[in-house]
A.B. asks: 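One structure, pasted below without further comment.
The figures here come from the full heavy-atom set of this structure, side chains too, leaving out hydrogens, waters and symmetry mates.
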Amino acid sequence: MDNEQEAVAEELPLEGVGARLRRAREERGLSLAQVTAETRIPERHLKVIEAGNFADLPARTYAVGFTRTYARLLELDEAEISEQVRAELNEAEAEREYVPAGMEPGDPAKLPSSGLAWAGAFAAILLIGGMATFYSTYYSSGAGPASLIDNSSPQIAEGGEGAGGESTTTQQAATAPGQGQVVFTALEEGVWVKFYDVDGTQLLQKQMASGERFEIPSDAQGPQIWTGRPDAFAITIDGRSVPKLADDDFIMRDVAISAEALLARAQQAGQNGGQGASPET
């Protein structure tokens with residue numbers, strides 16, 4: 001039995017991903033500020049990564065994507081680092097689910113009293129009875145969702161009222177497919193991006209602050225984007241959200257971002273089962 005335990009221990013990594021990345025960075029004499037400048041990963045996220053607290057990052061996608069980019073800079077095995085991050089995240093999630101917070105199995109002091117339990121059951125019975133009475137009366141009288149809509153009144157939708165009850169946005173989409181105001185909003189602090197037209201004329205190049213917006217000029221010919229964080233931008237067309245350019249971080253360049261191009265990407269993503277863009281995009 002002791003031999004089996006020793007064999008399992010030998011298969012486990014001797015250090016976590018965070019410690020491994022920190023050691024590799026220090027061996028190369030790099031500071032966190034230098035890593036941020038090279039990878040565009042905020043320094044506060046780098047500190048979380050090196051501490052191994054991946055669950056404190058905004059989402060699992062960020063944990064895997066950031067560490068892979070970090071590993072690439074340090075010339076480590078990206079695939080191996082990514083797998084180890086996923087394993088550590090799975091282990092942390094399993095530990096959180098093992099014992100519910102604030103409740104220990106078999107602790108009678110934390111169980112509801114019998115009186116409270118009976119009161120809850122009685123309230124549930126009353127609620128079920130009331131709902132049954134409501135639906136019985138509602139449908140037996142001939143009323144229903146369709147009969148409650150006044151077809152004589154114009155319908156107002158987001159984007160303003162249009163003729164025949166259609167919204168202005170709907171009318172625009174019907175009369176001029178692919179036309180509309182495209183807006184990019186940064187979801188993180190210090191996201192570098194460059195917007196330019198098909199001739200290479202620069203529209204904007206900067207590190208956008210979290211929440212900062214940029215409206216693609218309506219007269220821009222074939223607008224395109226270049227960024228290392230396509231996953232860090234929310235996109236709208238005439239105020240309506242469309243899918244992000246990607247769900248992960250990688251260098252994206254010369255990608256069309258006109259309203260027509262974005263709508264085509266959204267349609268293609270829907271046909272592909274919602275799969276986001278990949279580094280080969």
A.B. asks: So, using side-chain hydrogen bond (donor to acceptor under 3.5 Å, both in side chains) as the criterion, who are the partners of Lys206 when residues are at least two apart?
C.D. replies: Glu212
A.B. asks: Taking salt bridge (charged side-chain N to carboxylate O under 4.0 Å, His left out) as the test, write out the residues that go with Arg60, two or more places apart.
C.D. replies: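 With sequence neighbours excluded, Arg60 shows a salt bridge (charged side-chain N to carboxylate O under 4.0 Å, His left out) to Glu93, given in chain and number order.
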A.B. asks: With distance as the sole test, does Asp197 use its side chain to make a donor-acceptor pair with the main-chain N or O of Asp199 at under 3.5 Å?
C.D. replies: yes
A.B. asks: Applying side-chain hydrogen bond (donor to acceptor under 3.5 Å, both in side chains), name anything that partners Asp219, two or more places apart in sequence or on another chain.
C.D. replies: none
A.B. asks: For Thr39, what residues pass the side-chain hydrogen bond (donor to acceptor under 3.5 Å, both in side chains) criterion, not counting sequence neighbours?
C.D. replies: none
A.B. asks: Run the side chain to side chain contact (heavy atoms under 4.5 Å, CB included) test against Ala33 and tell me which residues pass, sequence neighbours left out.
C.D. replies: Ser31, Glu43
A.B. asks: For Val48, what are the other residues in its hydrophobic cluster, where any two members join if their side-chain heavy atoms are less than 4.5 angstrom apart?
C.D. replies: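 When side chains under 4.5 Å apart are linked, the cluster holding Val48 also contains Val17, Leu21, Leu30, Leu32, Val35, Ile41, Leu46, Ile49, Phe54, Leu57, Tyr62, Val64, Phe66, Tyr70, Leu73, Leu74, Leu76, Ile81, Val85, Leu89.
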A.B. asks: Going by the rule salt bridge (charged side-chain N to carboxylate O under 4.0 Å, His left out), which residues pair with Glu26 if we only count those two or more places apart in sequence or in a different chain?
C.D. replies: none
A.B. asks: Listed by chain and number, what are the side chain to side chain contact (heavy atoms under 4.5 Å, CB included) partners of Pro243, not counting sequence neighbours?
C.D. replies: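 Pro243 satisfies side chain to side chain contact (heavy atoms under 4.5 Å, CB included) with Ala266 once adjacent residues are dropped.
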A.B. asks: Side chains of Asp249 and Thr69: do they bring a donor and an acceptor to under 3.5 Å?
C.D. replies: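 Side chains of Asp249 and Thr69: pair found under 3.5 Å.
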A.B. asks: Report the distance from atom CD1 of Ile237 to atom CG of Leu263, rounding to the nearest 0.5 Å.
C.D. replies: 4.0 Å
A.B. asks: Among residues at least two apart in sequence or on other chains, which ones pass side chain to side chain contact (heavy atoms under 4.5 Å, CB included) with Val183?
C.D. replies: Gln181, Thr185, Arg213, Glu215, Thr236
A.B. asks: Kindly write out the residues that satisfy side-chain hydrogen bond (donor to acceptor under 3.5 Å, both in side chains) with Glu91, not counting sequence neighbours, or none if the list is empty.
C.D. replies: none
A.B. asks: Roughly how far, to the nearest 0.5 Å, is CE of Met208 from CZ of Phe195?
C.D. replies: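 CE of Met208 is found 6.0 Å from CZ of Phe195.
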A.B. asks: Applying salt bridge (charged side-chain N to carboxylate O under 4.0 Å, His left out), name anything that partners Glu38, two or more places apart in sequence or on another chain.
C.D. replies: none
A.B. asks: Using the test side chain to side chain contact (heavy atoms under 4.5 Å, CB included), find all partners of Glu83 that sit at least two apart in sequence or belong to another chain.
C.D. replies: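 Listed in chain order: Arg86.
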A.B. asks: Please check if the number of heavy atoms outside Gln221 that lie under 6.0 Å from its CD is greater than 12.
C.D. replies: no
